Amino acid sequence: MFDSPPGTYPHQMQISRQFGNTLREAPADADTIAHQLLVRGGFVDQLMAGVYSYMPLGRRVKQRIEQVIREEMDHAGGQEVLLPTIQPVDIWEQSGRALSMADVLFQLTDKRERAMVLGPTHEEVITKLFQDHANSYRDLPVTLYQIQTKLRDETRPRNGLVRVREFTMKDAYSFDIDEEGLDQSYDQMFKAYERIFKRLGIPIVAVEADSGAIGGKGSQEFIFLTDSGEDTVLICEQCGYAANQEKADFLRVDAGKSEIQSIEEIETPNATSIDELTDFLKIDSNQTAKAVLVMAEPLDGGAPFPVFAVVRGDLEINDVKLMNAIGARSLEPMQDTQIREYGLVAGYASPINLSNSLKTIADISIPGAINLVSGANKPDTHFRNTNYGRDWTADLVADIALAGEDHLCAHCPEDVESRLRARRGIEMGHVFRLGTTYTNHFAVTVLDETGKQLTPTMGCYGIGVERIIAAAVEEHHDEHGIIWPASIAPYDVHLIGIGMVRDEAVKEDAEALYQELKDASIDVIFDDRDESPGVKFNDADLIGIPIRLITSSRNLKAGLIEVKHRDSDKTETVPRKDLVTWLQVNQTT
RNA sequence: CGGGGAGUGGCGCAGUCUGGUAGCGCACCUGUCUGGGGGACAGGUGGUCGUCGGUUCAAAUCCGGCCUCCCCGACCA
């Protein structure tokens, strides 16, 4: 092998031979800019809702993104593996996620009626793999990763490549002997992520996140901020605190202090909402208690149970926080018949004298708030001056309120008043400290130095590849088309010959140049078509290759090549004979 | 799953209300001209009008069922 040539060929393509052509108009159902440009440029094609084919250009971009991720994973000590997409349902039952992820699991059976799932992610598989092949603390720490297709039966695919049912994810899984090791692995991955997104040209903000169905304690999301995003994040510009809205905490503003007064019943006709109530009584919403009635499905798959949740009237319930607080995997609004069944009056539900069959939970804004107006559990009637502790108590007091724009940051020093800003964003990556959730479920142990069994602790770290494509286009485009970052562009240079039919010399020179570029291992796409300059320029703008080279009669006579960077309006000329060297020096990938 | 919108050549659309020869632009094919920002002319290819059923002499068009796609919400490591 020592005397064999490197064996790598540059990637090259003549546009006349490239499969797929550009569209002047995007399909009507392409909604976001990224989706429109990717379809118009001939990068992707939709097969059905949330399922896309990648055409040659799109596949190249995807592959280059994967390569950047792969390099950084390897650099961070990761080892790449390939895991099955089709998995026995048993391991999902063992982890409990056959239930908690039931909504997104594609399920199927084989000829022998064996139940299987198409992997929406691979914690179960990797944990079993680890179990079979790691025996000793000496095998740890280890980080395994995969870049593979995952399948999720999303209820509503949307937003082009952002929420799809079949997608590629890089998932890495770390195994450590203890918390300290996990922290190190986690930190290493976090840093790798920062490098990855930097190289990919995607600006991200790392935010604290809810761990969701995957479990674990503590996770962060890498969010690409964009108005078309479907997540909301809250950011404190003072201290840098940033969190997904599902997770974000905030300081409750005191609603003002006064003497505790005695409770009284008041008539409040047709005041079933906080708005109607505050209008009618001419008070602020923070003087009221809001009751939210839901049926909660428990994590263990048992029967749904009724929940009576209370927040101060100026706040909203955060469903995720509520579910975490009560150990639920989903919430449904309580039906009218159920409300009556539990002896409640819709619109006037009261936390006072509640049936024991309801689980009650109060937001932390409630105990400190005094003399609140709350329902009296009688039609058209409220109580004035209800006070937590005196008139009622909850089974649980917890942070269950939704943080929003202008709420006070809970992480700034007390004397600093800084308000949270709400921004929309797309989750590009997510890193989790899983802990021993999965190793416990699968009874995974290794021996420590003393020969005792220990349960390894895990982390997992995902990146959505297609989302990166969408974000890259969203971030890097103009009115003419895509402007790929050099690190992920499908080609390095886009060679255009102008007037090649008219002038044989130009044609010969363009073809020679194409060959020289290939010989220099520069990835080149050559527009060899008999099209007018306008068509070629517009297509070049649309597909967004970083560097455009133009040869023509005029340039040929002068011994020059025009060089234009896609991200700039300026054109420069380089002597024809120096071109390849010039490119090699100026290449930024 | 709830609400809204839409299915007519590869893409964008008109035609549907008021039933009667399926049409336009882009793309594609052939030819001529043109040649530095989606050029011009001429001639072409391609569509069981999502699908199944009904009404009618006659259905893209009217009626009913179903399917699919998009948007908002619910949902979503």
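Just so it is clear, the structure is predicted and the values come from calculations on it, not from any experiment. First the proteins, then the strands, lettered A, B, ... as listed; each starts at 1.
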Next item on the list: Give me the ring orientation class for A:Phe432 and A:His430: parallel if the planes are under 30° apart, tilted from 30 to 60°, perpendicular past 60°.
Entry: parallel
Check: Do the ring planes of A:Tyr52 and A:His35 sit parallel (below 30°), tilted (30 to 60°) or perpendicular (above 60°)?
Finding: perpendicular
Taking atom [atom1] in both [N] and [M], what distance in whole Å separates the two?
| N | M | atom1 | answer |
| --- | --- | --- | --- |
| B:C70 | B:G31 | C1' | 42 Å |
| B:C17 | B:C62 | C1' | 11 Å |
| B:G37 | B:U21 | P | 45 Å |

Note to self: Checking the side chain of A:Thr573 only, and the main-chain atoms of A:Leu560 only, is there a donor and an acceptor separated by less than 3.5 Å?
What the structure shows: no
Notebook entry, point to check: To the side chain of A:Ile550, which of B:G36, B:G25, B:G38 is closest?
Noted result: B:G36
Next item on the list: Could you work out which one of B:G36, B:G37, B:C76 sits closest to the side chain of A:Asn555?
Entry: B:G36
Next item on the list: Answer yes or no: is there a side-chain heavy-atom contact under 4.5 Å between A:Asn159 and A:Glu230?
Entry: yes
Checklist line | ring-ring contact (aromatic ring centres under 6.0 Å, His included): pairs with one or both residues in residues 538-576 of chain A, sequence neighbours excluded | finding: none
What nitrogen or oxygen pairs link the protein and nucleotides 70-74 of chain B at under 3.5 Å?
{"from": "B:C70", "atom 1": "OP1", "to": "A:Gln46", "atom 2": "NE2", "distance (Å)": "3.0"}
{"from": "B:C71", "atom 1": "OP1", "to": "A:Asn159", "atom 2": "N", "distance (Å)": "3.3"}
{"from": "B:C72", "atom 1": "OP2", "to": "A:Arg156", "atom 2": "NH2", "distance (Å)": "2.8"}
{"from": "B:C72", "atom 1": "N4", "to": "A:Arg156", "atom 2": "NE", "distance (Å)": "3.4"}

Notebook entry, point to check: A:Phe197 and A:Phe222: ring-ring contact (aromatic ring centres under 6.0 Å, His included), yes or no, with the steps?
Noted result: CA-CA 9 Å; A:Phe197 289 111; A:Phe222 288 77; 5.7 Å; yes
Next item on the list: Quick one: label A:Glu562 by what it contacts on the DNA or RNA (base, sugar-phosphate, nothing), any heavy atom closer than 4.0 Å.
Entry: base
Next item on the list: Scan A:Thr22 against the nucleic acid and name what it touches under 4.0 Å (heavy atoms): base, sugar-phosphate only, or nothing.
Entry: base
Could you run down the sub-3.5 Å N/O contacts of the protein with nucleotides 32-35 of chain B?
{"from": "B:G35", "atom 1": "O2'", "to": "A:Arg502", "atom 2": "NH1", "distance (Å)": "2.8"}
{"from": "B:G35", "atom 1": "O2'", "to": "A:Arg502", "atom 2": "NH2", "distance (Å)": "2.7"}
{"from": "B:G35", "atom 1": "N1", "to": "A:Asp530", "atom 2": "OD1", "distance (Å)": "3.4"}
{"from": "B:G35", "atom 1": "N2", "to": "A:Asp530", "atom 2": "OD1", "distance (Å)": "3.1"}
{"from": "B:G35", "atom 1": "N2", "to": "A:Glu531", "atom 2": "O", "distance (Å)": "3.3"}

Next item on the list: Check whether NZ of the Lys or CZ of the Arg A:Arg60 lies under 6.0 Å from the centre of the six-membered ring of A:Tyr491 and within 45 degrees of that ring's axis.
Entry: yes
Look at the side chain of [X] and the base of [N], then say whether one donor and one acceptor between them are separated by less than 3.5 Å.
| X | N | answer |
| --- | --- | --- |
| A:Asn21 | B:G10 | no |
| A:Arg548 | B:G37 | yes |
| A:Arg40 | B:G38 | yes |

Checklist line | Nearest-0.5 Å distance, CD of residue A:Glu562 to CD1 of residue A:Ile550 | finding: 4.5 Å
Check: Does A:Arg329 pair with A:Glu297 as a salt bridge, N-O distance under 4.0 Å?
Finding: yes
Rounded distance (Å) that lies between atom [atom2] of [N] and atom [atom1] of [X]:
| X | N | atom1 | atom2 | result |
| --- | --- | --- | --- | --- |
| A:His35 | B:C11 | NE2 | P | 12 Å |
| A:Phe537 | B:G36 | CZ | C1' | 5 Å |
| A:Asp539 | B:G36 | CG | P | 17 Å |

